[in-house]
Trainee: 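This structure is in structure tokens; I'll ask about it shortly.
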Amino acid sequence: MPPRTLRTAPLVSGAAAASALALLAACGGAGGGPAKAAKDAAGRTVIRVSYPTNVSNVPLHIARERGYFKREGLTVKPEADLGSGSTVEAVVGGQTDMAWANTVGQLTAYSKGIDIKLVAITDLARRGSLQVLVGKDSPARKLADLEGRKVAVLAPTTICVLAIRSALKARGLPADAITFTPVSPPEHANVLSSGEVAATCTSDPFRTQMVRKLGARSVFDTESGPLKGSPVGGYLVASGFAEAHPKEIAGFRRAMERAARYANDHPDEVRALLPGFTGTDAEVAAAVVINRYLERQDPATVRPLVARVASAMRAYGLADEAIDASGYYARGEAARP
């Protein structure tokens with residue numbers, strides 16, 4: 001499978017991109033993953049979903065608890081991923097059926113020819129939900145003060161890296177003025193406290209936890225400039241799975257739309273769910289910034305959001321050429337009225 005850029009896709013530094021390219025070679029670009037999902041005793045299609053423990057994934061749990069998936073003939077089995085954000089490998093390798101990944105990471109893998117498809121975007125960023133944090137005694141007061149220093153990020157290709165690079169460019173600084181170090185978000189507090197990094201780019205609930213318990217403070221909010229309101233991430237599958245399960249993909253989308261509407265209308269319930277699958281306490285959960293969950297998963301809504309991120313990746317050096325994402329959206333049955 002050739003790279004999906006209008007010319008040539010760039011090489012992206014970091015273990016995640018290297019692993020994705022290795023998988024592409026091993027799988028011949030075929031997308032891997034199980035072609036057919038299992039059925040449970042009730043005849044419902046079982047979909048294993050890998051997800052990180054962040055605010056973006058609350059609607060997934062709402063859809064399970066309120067029976068939205070069951071109504072669509074699905075049994076969704078969430079599997080928490082506490083790693084460093086490299087979930088494409090699990091999907092392509094068949095260890096899971098579906099996985100949440102940040103939008104930039106998804107597009108990086110897709111542009112390399114990894115045969116994956118987008119099922120749903122979960123949420124749009126809000127101010128305060130993803131910030132560059134420094135320790136309470138740090139001399140840094142603004143992003144430029146971190147020039148030449150290390151910042152912990154979920155992965156080398158994330159919306160955080162993209163936002164920082166855009167801010168550096170706006171300030172007349174080179175894109176490599178800051179070094180990005182992949183660290184799992186639950187470990188951000190430890191690497192900041194130990195001095196292994198000068199700052200972290202952290203999302204909720206871990207951001208709020210670090211502010212409240214460590215006295216960490218923000219020197220940069222990613223919800224600024226040209227990337228304001230960008231899609232944070234979403235669920236992807238291998239192309240083989242998408243081709244075999246258009247009905248299930250459509251049902252998953254409908255369930256997530258219902259869950260997103262419910263979550264947007266009931267923020268207190270979103271906060272109440274967080275301790276159960278993130279491990280954070282109720283005090284932190286009560287203070288987190290909740291993103292805006294996407295209530296429509298149709299192509300007319302999703303494709304422009306993805307295209308906007310792809311364009312920014314080219315503009316700020318995460319792609320050498322424009323990414324052709326025209327085939328990224330997984331086909332499903334027509335949505336019900």
Side-chain angles (χ1 to χ4, degrees), residues 51-62 80-85 100 102 122-143 145-146 149-155 158-161 163-164 167 178 180-224 227-230 232-233 263-264 266-293:
Y51 70 96
T53 55
N54 59 17
V55 173
S56 298
N57 286 280
V58 174
L60 181 76
H61 295 271
I62 289 176
D81 169 29
L82 300 178
S84 61
W100 188 96
N102 79 84
T122 49
D123 51 341
L124 306 180
R126 277 183 168 159
R127 188 167 184 83
S129 63
L130 179 62
Q131 295 178 326
V132 175
L133 303 177
V134 297
K136 62 181 180 180
D137 297 324
S138 171
R141 291 292 183 271
K142 56 186 182 299
L143 187 65
D145 293 336
L146 296 174
R149 309 295 299 280
K150 290 182 179 180
V151 174
V153 294
L154 171 67
T158 63
I159 198 69
C160 181
V161 173
I164 291 175
I178 289 174
F180 299 107
T181 301
V183 178
S184 177
E187 294 300 317
H188 280 196
N190 291 335
V191 295
L192 184 63
S193 298
S194 67
E196 293 178 52
V197 297
T200 68
C201 192
T202 310
S203 62
D204 268 326
F206 305 105
R207 181 200 66 86
T208 297
Q209 188 172 358
M210 291 171 66
V211 169
R212 288 187 165 238
K213 299 191 174 182
L214 296 181
R217 52 185 172 77
S218 173
V219 295
F220 177 69
D221 195 304
T222 62
E223 183 59 4
S224 60
L227 295 173
K228 185 176 182 180
S230 295
V232 177
N264 287 335
H266 301 84
D268 289 344
E269 292 194 35
V270 172
R271 299 181 193 283
L273 280 170
L274 283 172
F277 74 91
T278 65
T280 192
D281 57 45
E283 179 185 355
V284 169
V288 300
V289 175
I290 300 173
N291 288 334
R292 182 70 182 175
Y293 298 112

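Everything numeric here is computed off the predicted structure, so don't read it as measured data. We count residues from 1, following the sequence as given.
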Trainee: Considering non-hydrogen atoms only, spot the tightest contact between Pro52 and Asn57 and give its length.
Mentor: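 For Pro52 versus Asn57, the nearest heavy atoms are O-ND2, 3.2 Å.
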Trainee: With rounding to the nearest 0.5 Å, note down the distance linking OG1 in Thr222 to NZ in Lys228.
Mentor: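 Reported value, rounded in 0.5 Å steps: 12.0 Å.
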Trainee: Could you tell me whether the side chains of Thr202 and Thr200 share a donor-acceptor contact shorter than 3.5 Å?
Mentor: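 Yes, Thr200 and Thr202 have a side-chain donor paired with an acceptor closer than 3.5 Å.
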Trainee: Are Arg212 and Glu283 close enough for a salt bridge, meaning some N to O gap below 4.0 Å?
Mentor: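 The answer is yes: the pair qualifies as a salt bridge.
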Trainee: Please name the pair of heavy atoms, one in Asp221 and one in Gln131, separated by the smallest distance, quoted to 0.1 Å.
Mentor: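 For Asp221 and Gln131, the tightest heavy-atom pair comes out as OD2-NE2, 3.1 Å.
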Trainee: Within the 3.5 Å criterion, strictly below it, is a donor on Asn54 or Ser203 matched to an acceptor on the partner's side chain?
Mentor: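 Distance-only check fails for Asn54 and Ser203.
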Trainee: Between Ser224 and Arg127, which heavy-atom pair has the shortest distance, and what is it?
Mentor: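 Nearest pair, atom of Ser224 first, then Arg127: CB-NH1, 4.3 Å.
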Trainee: With rounding to the nearest 0.5 angstrom, report the OH to CD1 distance, Tyr293 to Ile62.
Mentor: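 The CD1 atom of Ile62 is 7.0 Å from OH of Tyr293, to the nearest 0.5 Å.
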Trainee: How far apart are the closest heavy atoms of Arg217 and Lys136, and which atoms are they?
Mentor: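 Taking Arg217 first and Lys136 second, the nearest heavy atoms are NE-O, 3.9 Å.
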Trainee: For Val153 and Cys201, which heavy atoms make the closest approach, and how far apart are they?
Mentor: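 Closest approach of Val153 to Cys201, heavy atoms only: CG1-CB, 4.1 Å.
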Trainee: Please determine, by modelled atom types, if Asp123 and Ser56 share a side-chain donor-acceptor pair under 3.5 angstrom.
Mentor: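 Ser56 and Asp123 do have a side-chain donor-acceptor pair below 3.5 Å.
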Trainee: Salt bridge or not for Lys213 and Asp281, using N-O below 4.0 Å?
Mentor: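 Salt bridge present between Lys213 and Asp281.
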Trainee: Which heavy atom of Ala199 sits nearest a heavy atom of Val134, and at what distance?
Mentor: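 Result for this residue pair: CB-CG1, 3.8 Å.
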Trainee: Looking only at side chains, do Trp100 and Thr122 share a donor and an acceptor under 3.5 Å apart?
Mentor: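 There is such a pair between these side chains.
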Trainee: Testing Thr53, Asp204, Val58 one by one against Leu274 for a side chain to side chain contact (heavy atoms under 4.5 Å, CB included), which residue passes?
Mentor: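 Between Leu274 and the candidates, side chain to side chain contact (heavy atoms under 4.5 Å, CB included) is satisfied uniquely by Val58.
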Trainee: Rounded at 0.5 Å granularity, tell me how far CG in Asn291 sits from CD in Glu223.
Mentor: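 It is 8.0 Å, given to the nearest 0.5 Å.
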Trainee: Decide yes or no on side-chain contact (heavy atoms from CB on, under 4.5 Å) for Ile290 and Arg271, but give the supporting numbers first.
Mentor: CA-CA 8 Å; Ile290 300 173; Arg271 299 181 193 283; 3.7 Å; yes
